[in-house]
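In what follows, a structure is listed as structure tokens, so that the remarks can point back to it.
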Amino acid sequence: MRVLVVNAGSSSLKLSVLDESDEVVEQHDLEQWDGAAQDIAGAAGDWSCDAIGHRVVHGGPHLTQPVVVDESVRDQIAAVTPLAPLHQPRALAGIDATRTAWPHLRSVACFDTAFHATMPEASATYAVPADWRDRWPIRRYGFHGLSHRYASRRAAELMGRPVDRLRLVTCHLGAGASLCAVKDGRSIDTTMGFTPLEGLVMATRSGTIDPGLVLWLVREAGLSPARVNDALEHESGVLALAGTAKLEEVTDRAVLPSAECHDRAVLALDVYVHRLLRELGAMVAVMGGVDGIVFTGGVGEHSAVVRSRAMNALAQFGVALDEGRNDRAQGDCLVSTADSKVTVLVVESREDIEIARQVRGILS
């Protein structure tokens, strides 16, 4: 089955067709996409495919498995737009465009939140008033689930062990970033929660901060909720610390000789790695140990400096990084030493493969 994968981001669009062997046979990317249907039909109109798979960021409390899109499903996706206001409308635009252009093909929605639906109540529940949780869909959802699921399966293949017998921490590090504790092939905890703001320091997002700080900014500093939200989403994170959101630039500046290095870059890298280590330790703790640590995403795959700083800090726990392998890492590979008690891997982020496999699974 050839699957057209539609990955509609908050401002970008990625289209690809994967054949039965998960090889990409057609591809088209738009870095800037305004949701126009003709961009999809125009790019993929003459491609041959048997079904369509859509990445949808949020499935809400009810859509926890891939599902064939009909009007009821579309309405459910639209209903949780307030929980993902940047991404949900773009996913709906992609769904509408493909259903119009290819009405004879079935569209399947694949959800980033679905992988985390297996989290136990202790991981998913916020300690807030019960009537809030009863009235509103307040819980920890988690995100990047398609990436975490694929990375854990691929890591198990590289390790030569069944994924359902492993304890893995998958580190999806990109502009958005999250960790996932994958035990026996299931997500049991993750760093993002009700929204993608919780957890790690990201390119322009703050990650976890004291909620009392938000209340203080509104009540005492006089900032509007909209202004605080915009700042935490778009003006914080690495950008706020270093003056640039590109971590590659930050690491380049931070590792210069001492007389030339930039203090802001040093601080940004220190904060980034500190939060990564703190959250990684939490993921290991909830699993009672770890067999493998997996790096994926733009930063996870390409920043040898971040991997080195983080893994060398865990040397006392039996993590042994092979610096040569780490520096040369390309594609899917191991970067730990042969005698490391914990396997450290780099895995290329392939949400398209995960989506295509989910489409084939549900339609078969």
Side-chain angles (χ1 to χ4, degrees), residues 7 14 16 18 21-24 27 115 144-185 187 190 200 246-248 250-252 255 269 272-273 276-277 279-280 283-284 287 289-315 317-357:
N7 188 338
K14 296 181 180 179
S16 56
L18 277 67
S21 302
D22 288 328
E23 293 294 327
V24 176
Q27 189 168 5
F115 185 49
H144 296 135
L146 295 165
S147 177
H148 287 301
R149 187 191 295 269
Y150 175 80
S152 61
R153 288 177 178 170
R154 180 62 179 139
E157 291 175 1
L158 294 172
M159 294 171 71
R161 297 174 61 182
V163 70
D164 59 3
R165 297 183 184 178
L166 286 171
R167 298 166 299 178
L168 302 170
V169 179
T170 49
C171 309
H172 179 99
L173 307 180
S178 66
L179 309 183
C180 184
V182 185
K183 186 175 184 180
D184 301 333
S187 169
T190 188
L200 302 172
K246 297 180 179 179
L247 199 64
E248 182 180 7
V250 173
T251 54
D252 286 346
V255 299
L269 184 58
Y272 187 94
V273 172
L276 173 60
L277 283 167
E279 299 288 355
L280 201 159
M283 297 296 106
V284 173
M287 292 190 295
V290 64
D291 302 302
I293 298 172
V294 191
F295 288 92
T296 190
V299 174
E301 294 169 39
H302 302 298
S303 180
V305 172
V306 168
R307 294 193 300 264
S308 178
R309 293 276 183 102
M311 294 300 93
N312 286 333
L314 299 178
F317 301 106
V319 179
L321 193 71
D322 185 313
E323 294 292 354
R325 287 182 178 179
N326 185 50
D327 289 340
R328 297 188 301 270
Q330 287 188 335
D332 299 347
C333 59
L334 274 66
V335 293
S336 50
T337 63
D339 60 351
S340 178
K341 294 181 180 179
V342 179
T343 303
V344 184
L345 310 97
V346 176
V347 169
E348 182 183 0
S349 182
R350 291 299 304 272
E351 293 167 325
D352 56 340
I353 290 180
E354 182 60 35
I355 291 170
R357 290 178 178 176

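Sequential numbering from 1 along the given sequence is applied to the chain's residues.
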**Request:** Would you mind reporting whether Leu173 and Tyr272 have side-chain heavy atoms less than 4.5 Å apart?
**Result:** yes
**Any residue meeting side-chain hydrogen bond (donor to acceptor under 3.5 Å, both in side chains) with Thr296, in chain and number order, not counting sequence neighbours** = none
**Item:** Minimum-distance pair of heavy atoms, taken over all atoms of Val346 and Ala329
**Value:** CG2-CB, 4.3 Å
**Fill in**
Here the salt bridge (charged side-chain N to carboxylate O under 4.0 Å, His left out) pairs for residues 159-181, sequence neighbours left out, are Arg167-Asp291
**Request:** Only counting residues at least two apart or in another chain, list the ones meeting salt bridge (Lys or Arg N to Asp or Glu O under 4.0 Å) with Glu248.
**Result:** none
**Approximate separation, where rounding is to 0.5 Å, of Leu158 CG and Leu345 CG** = 6.0 Å
**Request:** Name all residues meeting the salt bridge (Lys or Arg N to Asp or Glu O under 4.0 Å) criterion together with Glu354; count only those two or more places apart in sequence or in a different chain, and write none if there are none.
**Result:** Arg149, Arg153
**Prompt:** Does any non-hydrogen side-chain atom of Val169 lie less than 4.5 Å from one of Met287?
**Reply:** yes
**Request:** Give, for atom CG of Leu247 and atom NE2 of His302, the distance between the pair rounded to the nearest 0.5 Å.
**Result:** 12.5 Å
**Request:** Compare all side-chain heavy atoms of Arg309 with those of Val255 and state whether any distance is below 4.5 angstrom.
**Result:** yes
**Complete:** For Arg325, the salt bridge (Lys or Arg N to Asp or Glu O under 4.0 Å) test, sequence neighbours excluded, returns Asp322
**Prompt:** Nearest heavy-atom pair of Val163 and Ser152: which atoms, and what distance?
**Reply:** CG2-O, 3.7 Å
**Request:** State the OG-CD1 distance between Ser21 and Ile353, to the nearest 0.5 angstrom.
**Result:** 10.5 Å
**Request:** Could you pull out all residues at least two apart from Asp327 that satisfy salt bridge (Lys or Arg N to Asp or Glu O under 4.0 Å)?
**Result:** none
**Set of residues satisfying side-chain hydrogen bond (donor to acceptor under 3.5 Å, both in side chains) with respect to Ser178, sequence neighbours excluded** = His144, His148
**Complete:** OH (Tyr150) and CG (Asp352) are apart, to the nearest 0.5 Å, by 8.5 Å
**Request:** Report the residues that fulfil side chain to side chain contact (heavy atoms under 4.5 Å, CB included) with Asn7, sequence neighbours left out, ordered by chain and then residue number.
**Result:** Lys14, Arg55, Glu351
**Message:** Measuring from atom NE2 of His172 to atom OG of Ser349, what distance do you get when rounded to the nearest 0.5 angstrom?
**Reply:** 5.5 Å
**Asked** What residues form a side chain to side chain contact (heavy atoms under 4.5 Å, CB included) with Ser336, not counting sequence neighbours?
**Response** Ser340, Thr343, Val344
**Prompt:** Are any of the side-chain heavy atoms of Leu276 and Leu179 separated by less than 4.5 Å?
**Reply:** yes
**Asked** Of all heavy-atom pairs between Ala310 and Leu277, which one has the smallest distance, and what is that distance?
**Response** O-CD2, 3.3 Å
**Asked** Rounded to the nearest 0.5 Å, how far does CZ of Arg154 lie from OG1 of Thr170?
**Response** 15.0 Å
**Asked** If only atom types and distance count, is the side chain of Ser303 paired as donor or acceptor with the main-chain N or O of Val299 below 3.5 Å?
**Response** no
**Complete:** Residue set satisfying side-chain hydrogen bond (donor to acceptor under 3.5 Å, both in side chains) with Asn312, at least two apart, ordered chain then number -> Ser308, Glu323
**Nearest non-hydrogen partners of Cys171 and Ile293, listed with the distance** = SG-CG2, 3.9 Å
**Qualifying residues under side chain to side chain contact (heavy atoms under 4.5 Å, CB included), relative to Ala175, sequence neighbours excluded** = Ala203
**Request:** Specify the closest pair of heavy atoms between Val294 and Ala155, including all atoms of both residues, with the distance to one decimal.
**Result:** CG2-CB, 3.6 Å
**Prompt:** With sequence neighbours excluded, what pairs up with Glu348 under the side chain to side chain contact (heavy atoms under 4.5 Å, CB included) test?
**Reply:** Glu301, Asp332, Arg350
**Request:** Considering non-hydrogen atoms only, spot the tightest contact between Gly185 and Phe115 and give its length.
**Result:** O-CE1, 3.6 Å
**Asked** Going by heavy atoms in the side chains, are Met311 and Leu280 under 4.5 Å from each other?
**Response** yes
